[in-house]
Colleague: 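Please read through the structure below; I'll follow up with questions.
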Number of protein chains: 2
Amino acid sequence: MSTVTIIGTGNIGAAVAGIAAKAGAQLQILAREGEKAETVATPLGAASGTIGDELTGDIVVLALPYDAISQVLTAYGDAFDGRTVVDVTNPVDFATFDGLVVPADSSATRIIQEALSGASVVKAFNVNFGATLATGTAGPLPTTVLVAGDSTQAKDAVIALVTAGGLRGVDAGSLKRARELEALGFLQISLAAAEKTPWTGGFALIG
Amino acid sequence: MSTVTIIGTGNIGAAVAGIAAKAGAQLQILAREGEKAETVATPLGAASGTIGDELTGDIVVLALPYDAISQVLTAYGDAFDGRTVVDVTNPVDFATFDGLVVPADSSATRIIQEALSGASVVKAFNVNFGATLATGTAGPLPTTVLVAGDSTQAKDAVIALVTAGGLRGVDAGSLKRARELEALGFLQISLAAAEKTPWTGGFALIG
């Protein structure tokens, strides 16, 4: 049985908690200050706590906005070593809504991987709107979770979790592909903001 | 009635010719040396010729691989002035299959627009596999053509053509969004090459 820690109790954190619970994973939910982990954790029978508690998951999902990531990296540092760390962020520049805050030739995932050299960082869930993760469908198609990273073992663990949780998990390539996944995430958000696709929809990958 | 010139007789050129014919556009098909424009043009009753012939379309679709674009820009130069020029390219680095050949903070469309200051350049059709343009469906969903550029008039002309041709046309934003469209095009090609989605499929936008 996999062990999963989810840091963050927002839209995506709650949806990924639901997938992990359905997969039968042993779950730990850690809230940020001011959040209530129980709102996500209680119905799933998961352990709940706050950032700073000891990590119990072999897979740790950073279900946080990009600007909240650095404080978690500071809080845990080497405690991430040996774990699979899942980055779900879309580092959109919300001041301009016209690009990303990470360098054009890099990605949030690359930056997190460079900060956590002892962990295996993968990108996942960033091109899935929360509702498509919760329902398992994106319009008429099954929800596909695209996973990118340099560790095949880490990607396989996330894909196995997603599959056991009832969704389709797909290996989208190396860590370099996180850049394209973040471009796709940003494009999808901008299309939803412009009412060209519903917030319950977005892009679906044909299987 | 719109007038459309399509330069290139490959997969995408033929599919866009079909859309334009269905839309009732007056069509001109220009082949590259060694191609036969008639193979596309004859069934549609379009005018056919070769690169170097006078352009008749208000909309000119560059249905060519990225590395063939520069010779067309050289061949026509100022003849593009005042026209809507449609860039369909995915400038993938096929030597490495691990990135694009355009700078990370730019796009093929940006480079073409800078070369053609008197034309309005838009990105379109690059995230649609040929089969989805020909059939009008991407899996269970209608095919959506995403259009990006800085001229609203040019985008509206392309969206009107696509709509009259039976597909869904969507304004994907300014010319800067061509970067995200090229990232999406590359990601989609890499997923198809890895057999994660069929070459008749790819990503579909939920409406």
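Every chain is numbered from 1 and lettered A, B, ... according to where its sequence line falls, protein lines coming before strand lines. Source: prediction; values computed, not measured.
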Colleague: Could you tell me which portion of A/Lys176 (side chain, backbone, both or neither) has an atom closer than 4.5 angstrom to a non-hydrogen atom of chain B?
Modeller: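 Contact with chain B is through the side chain of A/Lys176 alone.
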Colleague: Taking side-chain contact (heavy atoms from CB on, under 4.5 Å) as the criterion, tell me which of A/Thr144, A/Leu146, A/Asp171 meets it with B/Leu191.
Modeller: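 Result for side-chain contact (heavy atoms from CB on, under 4.5 Å) with B/Leu191: A/Leu146.
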Colleague: Please say whether more than 12 non-hydrogen atoms of neighbouring residues, nucleotides or ligands are located less than 6.0 Å from CD in B/Glu114.
Modeller: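 Enclosed.
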Colleague: Taking the side chain as every heavy atom from C-beta outward, state whether A/Asp105 and B/Asp105 have any pair of such atoms under 4.5 Å apart.
Modeller: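 No; the side chains remain at least 4.5 Å from each other.
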Colleague: Tell me, out of B/Ala183, B/Gly139, B/Gly201, B/Gly202, who's got the most heavy-atom pairs with chain A below 4.5 Å.
Modeller: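 The option with the most such pairs is B/Gly202.
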Colleague: How close do B/Gly99 and A/Arg177 get, counting heavy atoms only, and between which atoms?
Modeller: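 So the two residues come closest at N-NH2, 4.1 Å.
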Colleague: With side-chain contact (heavy atoms from CB on, under 4.5 Å) as the test, pick out the partner of B/Leu184 among A/Val127, A/Leu187, A/Leu181.
Modeller: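 It is A/Leu187; the other options fail the test.
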Colleague: Might you point out which heavy atoms bring B/Pro198 and A/Ile206 nearest each other, and give the distance in Å?
Modeller: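 Closest approach of B/Pro198 to A/Ile206: CD-O, 3.6 Å.
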Colleague: Over all heavy atoms of both residues, which pair between B/Lys196 and A/Arg168 is shortest? Give the atoms and the distance, please.
Modeller: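 Between these two residues, the closest heavy atoms are O-NH2, 2.6 Å.
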Colleague: Can you say whether B/Ala204 sits under 4.5 Å from chain A via the side chain, the backbone, both, or neither, judging by heavy atoms?
Modeller: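 Contact with chain A: backbone and side chain both.
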Colleague: Which pair of heavy atoms, one from A/Asp98 and one from B/Ser174, lies closest together, and at what distance?
Modeller: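 Heavy atoms of A/Asp98 and B/Ser174 come nearest at OD1-OG, 4.3 Å.
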Colleague: Using atom types as modelled and distance alone, determine if a side-chain donor or acceptor of A/Thr197 lies under 3.5 Å from a backbone N or O of B/Gly207.
Modeller: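 No; judged by distance alone, with no hydrogens or angles, the pair does not exist.
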Colleague: Checking heavy atoms, do the side chain of A/Leu205, its backbone, both or neither come under 4.5 Å from chain B?
Modeller: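 A/Leu205 touches chain B through backbone and side-chain heavy atoms alike.
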Colleague: So which part of A/Ala194 gets closer than 4.5 Å to some heavy atom of chain B, the side chain, the backbone, both or neither?
Modeller: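 Neither part.
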Colleague: Can you tell which of B/Ala138, B/Pro103, B/Gly173, B/Ser106 has the highest number of heavy-atom pairs within less than 4.5 Å of chain A?
Modeller: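 If we count pairs closer than 4.5 Å to chain A, B/Ala138 comes out on top.
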Colleague: Checking heavy atoms, do the side chain of B/Phe203, its backbone, both or neither come under 4.5 Å from chain A?
Modeller: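 Looking at B/Phe203, backbone and side chain both touch chain A.
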